[in-house]
A.B. asks: 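Sharing a structure, written as structure tokens. Questions coming.
Values below: all heavy atoms of this structure, side chains included; hydrogens, waters and symmetry mates excluded. Bear in mind the structure is a predicted one, so any value in this text is a computation, not a measurement. Naming convention: chains lettered A, B, ... in sequence-line order (proteins, then strands); numbering from 1 in each chain.
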Number of protein chains: 2
Amino acid sequence: MEKNSYTIGEVAKMFNLSVSTLRYYDQEGLIPNLNKDASGHRKFNSENIDAIEIIECLKEVNMPLKDIKLFIKWNLEGDITLSNRLSLFINLDKTLKKRLERLEEISRIVDYKKEYYSQAVRDGTEKFVSKNKVSLLEIKNDRRIPKEK
Amino acid sequence: MEKNSYTIGEVAKMFNLSVSTLRYYDQEGLIPNLNKDASGHRKFNSENIDAIEIIECLKEVNMPLKDIKLFIKWNLEGDITLSNRLSLFINLDKTLKKRLERLEEISRIVDYKKEYYSQAVRDGTEKFVSKNKVSLLEIKNDRRIPKEK
DNA sequence: ATAGGACTTAAAGTTAACTTTAGGTCAAGA
DNA sequence: TCTTGACCTAAAGTTAACTTTAAGTCCTAT
């Protein structure tokens, strides 16, 4: 049998969040329709858990909580906000793709740095490796030239 | 002829940072060997610009400034800190790869959401599309089961 | 010579996203 | 029965990473 409601402590473990963070989200209105049981304890149903999943997702793409709040509000407002929500995800997709590219670039830089320091550690010194050291700027040098006025 | 020193304003434009952020980094000791000209204005040379490049890079992988500071300190301390620096990049590589995977997953979710809302906007309502709506939880459901104690 | 613009410092202020504290309720087990 | 642990609220505190403010210097162009 499927469990259909969870305590705040269970949800905290599920998402690896603290109990007080969940209370804070609730307080901020990020978890719509979150009910309480007879003794005032929060009862999280699957809708509430979906909301937290979305929050965590949007947090990971650096969306501030106030924007996440707006998205959640749009959801509650129904069909009139559909185009808002569509453009939110279109924009998100763009920034996400840029971020992915940049992180892949950084990943290459980190790979290089790993090799660089591996050799240096083997040698016991940076001296020998530093001659052919490629600086980060040589790997990516599109930022060097200041915009002319 | 290559320019070999830049003003704070030029560097700010280069990296799309504010002038006060650069002063803050300097104050925090993140830019070693940053000199000033006769009238007390900061003169950024290529070593200083390299440092900022690294800072920006490490910031983008969510490294806090205090850790970046430590890395910069290690650099100044020379060969005795080589293994520290190696393990820093080994760890960075691991977390970076995890992040990349997670972002790709989120990218798929966002793609789905774009399609979802595209259809909804075409229909003028979420009603028809919501029947076969795949929740985020169905796309990724490895967080559902709370850890048993 | 004076006004504007880019620079300087030191210190105070801001913002987001929590986290902690203080004091209280409630249910279960020894 | 009484203590332990999980929950509750409201409010204050924390931290990072800037940003702003206030007061001043220096150079250039009108």
A.B. asks: Between A/Asp26 and A/Leu22, is there a donor-acceptor pair closer than 3.5 Å when you use the side chain of the first and the backbone of the second?
C.D. replies: no

A.B. asks: Using salt bridge (Lys or Arg N to Asp or Glu O under 4.0 Å) as the criterion, list what pairs up with B/Arg99, not counting sequence neighbours.
C.D. replies: none

A.B. asks: What is the per-nucleotide protein-contact pattern of nucleotides 5-10 of chain D, from the 5' end, where B denotes a base atom under 4.0 Å from a protein heavy atom, S denotes such proximity for sugar-phosphate atoms only, and - denotes neither?
C.D. replies: --SBB-

A.B. asks: To the nearest Å, how far apart are A/Asp37 CG and C/dC26 C1'?
C.D. replies: 10 Å

A.B. asks: Tell me the ring pair (Phe, Tyr, Trp, His ring centres under 6.0 Å) pairs involving residues 66-104 of chain B, sequence neighbours left out?
C.D. replies: A/Tyr117-B/Phe89, B/Phe71-B/Phe89

A.B. asks: Between B/Ser5 and B/Asn45, is there a side-chain donor-acceptor contact under 3.5 Å, judged purely by atom types and distance?
C.D. replies: no

A.B. asks: Just by protein heavy atoms under 4.0 Å, how would nucleotides 18-24 of chain C read 5' to 3' in B, S and -?
C.D. replies: BBB----

A.B. asks: Let me know which of A/Ile54, A/Ile55, A/Ile31 forms a side-chain contact (heavy atoms from CB on, under 4.5 Å) with A/Ile72.
C.D. replies: A/Ile55

A.B. asks: Could I get the full list of salt bridge (Lys or Arg N to Asp or Glu O under 4.0 Å) partners for A/Glu28, not counting sequence neighbours?
C.D. replies: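 Only A/Lys69 meet the salt bridge (Lys or Arg N to Asp or Glu O under 4.0 Å) criterion with A/Glu28.
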
A.B. asks: Whether the side chain of A/Gln119 engages the backbone of A/Tyr116 through a donor-acceptor N/O pair (distance < 3.5 Å, no angle test) should be reported.
C.D. replies: no

A.B. asks: How close or far is atom C1' of D/dA17 from atom CD of B/Glu56, stated in whole angstroms?
C.D. replies: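 Value for this atom pair: 12 Å.
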
A.B. asks: Quickly work out the B/Tyr6 OH to C/dC7 P distance and round it to whole Å.
C.D. replies: 15 Å

A.B. asks: What ring pair (Phe, Tyr, Trp, His ring centres under 6.0 Å) pairs are there with at least one residue in residues 18-38 of chain A, not counting sequence neighbours?
C.D. replies: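 Output for this query is empty, none listed.
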
A.B. asks: Whole angstroms only, please: what is the CD1-C1' distance between A/Ile55 and C/dA17?
C.D. replies: 13 Å

A.B. asks: May I have the distance from B/Asp67 (atom CG) to D/dT15 (atom C1'), rounded to whole angstrom?
C.D. replies: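 Computing the B/Asp67:CG to D/dT15:C1' distance gives 14 Å.
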
A.B. asks: I need the CD1-C1' distance between B/Ile68 and D/dA16, as an integer number of Å.
C.D. replies: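 Going from B/Ile68 (CD1) to D/dA16 (C1'), I get 12 Å.
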
